[in-house]
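All values derive from a computational prediction rather than experimental measurement. Read the numbers this way: they start at 1 and go in the same order the structure lists the ligands and their atoms.
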Amino acid sequence: MKVDFSKATAGIYDLCVIGSGPAGITFALEAARMMPRASILLIEFGREAMPAHNVLDDSICIENLRNHHEPYECTNKGLGGSSATWGGRCVMYDPVDFLSRDIVRDGCTWDLSFLEDVRRHVPRAAELCECGQGPFDLAEDPARAESRIAEGFQSAEVTDTVVERWSMPTQFGPRYRKEIEASPQIHLLEGCRASRFGPPDQTGCVSELFVRVGESATESGVRSRRFVVAAGTQETTRLLLRSPQLFAGLAGVPDALGRYYQGHVSGKIASVQFHGDPRKTEYGFLREPDGTYLRRRFHFPAEVLCRENLLNTAIWLDNPLYFNPSHRSGAMSFMYLAMITPVLGKKLAPPAVAHSVTKGKVTGVPAHLMNILRGLPGSLWTPASIFYRRYIRRRKLPGVFLFSPQNRYALHFHAEQVPDRKNRMELGPDGDTLVIHYSLTDDDVNSVIRCHELLDAHLRKLDCGHLDYWFDRAAMPAAIHDMSRDGIHQSGTTRIAAAPEQGVVNSDLLVFGTENVFVCSSSVFPTSGQANPTFFLCAMAVRLAHHLAQA
Ligand SMILES: Cc1cc2nc3c(=O)[nH]c(=O)nc-3n(C[C@H](O)[C@H](O)[C@H](O)COP(=O)(O)OP(=O)(O)OC[C@H]3O[C@@H](n4cnc5c(N)ncnc54)[C@H](O)[C@@H]3O)c2cc1C
């Protein structure tokens, strides 16, 4: 049910959840299911009909806009959080992400038991994310285990069976609002900002959270027996940084709080030329009987990553760069021109996604128009059919991947980052502004290049294909530094560890120094892996609800 501020501040709740993105909603729904008598307050900063600007995003200062998107491109506010614009790509974390490896130095502060525990909750997370119940590795699917990404490919040093599964994409706000508002247990308070925690008592129990209505500076306390911070990485981190009193029982505020901020290194530096039959290349989506879209990724087994001291990396087949008309595809030129058209472009994709297509360039318009004319009627027919499948259907076509009669595809990489202390979020001198420091390390960049070399060697050994690089070897590091931009996959700043000397929460997601404050955000992930974070986060949110129900 919906509640107003005076009602929310009147009682004592069993659970108070801060933030209603995929993590907060997944947790609240599962907690209500597991604890049918619990009263749950769900506090959301955003509200319906929000103005274009808000006090949270306006008080974020990003130091390196070359590699990090602007605040308004990184998150969304309101019921459902950033699922309002997410792509819906659901990917599982890999066992290697939980192993201590030389390249991540002392950065891997969780272990395989955590993965095993979260895995038990994958079916429920898949149900809520609506990405189907099939496996994340086609090797486990008898119908597809023997099929390959391209003729002549075999899995060894590189594999082709790991898949991403696609959500509708489910926008958690519209999808679950009715259920939340109909629930007698979940009390939804919108338009309120959790601003800081009250101090814990001698036993570490926190009883009060201070909340502001909208943009006002006046605070009032809400009371709860347990708190779950699910405000997304940057706002979860800011709330804990603004609440140093939580750590009064420790030697100090944990050193890891705000540090080890990670995203993913991503971009394109090469194309693959397959040697076999082009019609046997699985360049696009696979579909399950229930309609779920899947897509293959080149993947590197744990033993290869450890032997070569590399970061976990996925590489998938992609279209050539849209902005460069030399691809000669009328359909791609048409879609590029639509994306760079003011107003229309903004309606077709959120800015961070549009940027990955256009690279922010407006170029070669006459040549694009020639491509469209030369390719008629396909130049119009292909985008029209894509438009229908991508924007009209309930389960949306997640992306656009076009067949190459030459059997040649661009390669898109998506790679783990080293957990680096220097990448961090901290409060500015006013005690509220969140200053974000983010850049790539040499290890991040060199690992991407080496992974491409391994893929090239593997394809050549099989005589299945080879890579053609877009840059000289010497120019490649600078090119990767220039092209990679994140801020939409945030993790690392409140990481899980065994003790407050290494992290901020324990493996039950309990904040060190407290007995009843939990963090449910990808900010707890100590390593970023190759996986987009939201699916694993939702499975972790289900796990937390089960843990609290048992406690
Ligand atoms: C353009 C784009 C595309 C993406 N695509 C993918 C994808 O394909 N796959 C994938 O895995 N991930 C993707 N992501 C990332 C994904 O959206 C996030 O991982 C996910 O939304 C995080 O969920 P969350 O609940 O932790 O935080 P959020 O979704 O950010 O929600 C946090 C909520 O908390 C509220 N809040 C914040 N501070 C406070 C406060 N102090 N008090 C009260 N409420 C507060 C916010 O208003 C917000 O509603 C994408 C993100 C973007 C921006």
Residues passing the salt bridge (Lys or Arg N to Asp or Glu O under 4.0 Å) test with E116, sequence neighbours excluded, are R119
For E44, all residues meeting salt bridge (Lys or Arg N to Asp or Glu O under 4.0 Å), sequence neighbours excluded: none
Under a 4.0 angstrom heavy-atom cut-off, which atoms of ligand 1 come close to [X]?
X    : result
G232 : 26 (O), 27 (O), 32 (C)
T85  : 1 (C), 2 (C), 3 (C), 53 (C)
C74  : 53 (C)
I18  : 42 (N), 43 (C)
N532 : 7 (C), 9 (N), 10 (C), 11 (O)
P533 : 11 (O), 19 (O)

Is N76 touching ligand 1 with its side chain, its backbone, both, or neither, if touching means heavy atoms under 4.0 Å apart? backbone
Ligand 1-proximal atoms of I25, by part, heavy-atom distance under 4.0 Å: neither
Who's closest to atom 23 (O) of ligand 1 heavy-atom-wise, of G21, A349, P22, G19? P22
Hey, looking at atom 30 (O) of ligand 1, which of G487, G173, S82 has the closest heavy atom? S82
Cationic tip of K359 above F323 ring, under 6.0 Å, 45° of axis: no
Cation over ring, R424 on Y260, under 6.0 Å and within 45°? no
Please state which protein non-hydrogen atom is closest to [atom] and give its distance, to 0.1 Å?
atom                    : result
atom 25 (O) of ligand 1 : A23 N, 3.0 Å
atom 35 (C) of ligand 1 : E44 OE1, 3.4 Å
atom 45 (C) of ligand 1 : F45 CB, 3.6 Å
atom 16 (C) of ligand 1 : T534 OG1, 3.2 Å
atom 3 (C) of ligand 1  : W86 CA, 3.5 Å
atom 5 (N) of ligand 1  : G87 N, 3.0 Å
atom 52 (C) of ligand 1 : I488 CB, 3.8 Å
atom 22 (C) of ligand 1 : L537 CD2, 3.9 Å

Determine, using heavy atoms of [X] and all atoms of ligand 1, whether some pair is separated by less than 4.0 Å.
X    : answer
E73  : yes
V91  : no
C192 : yes

Less than 3.5 Å between some nitrogen or oxygen of [X] and one of ligand 1, yes or no?
X    : value
R89  : yes
F535 : no
G78  : yes

Identify the residue among R33, R124, E30, R120 that makes a side-chain hydrogen bond (donor to acceptor under 3.5 Å, both in side chains) with H546. E30
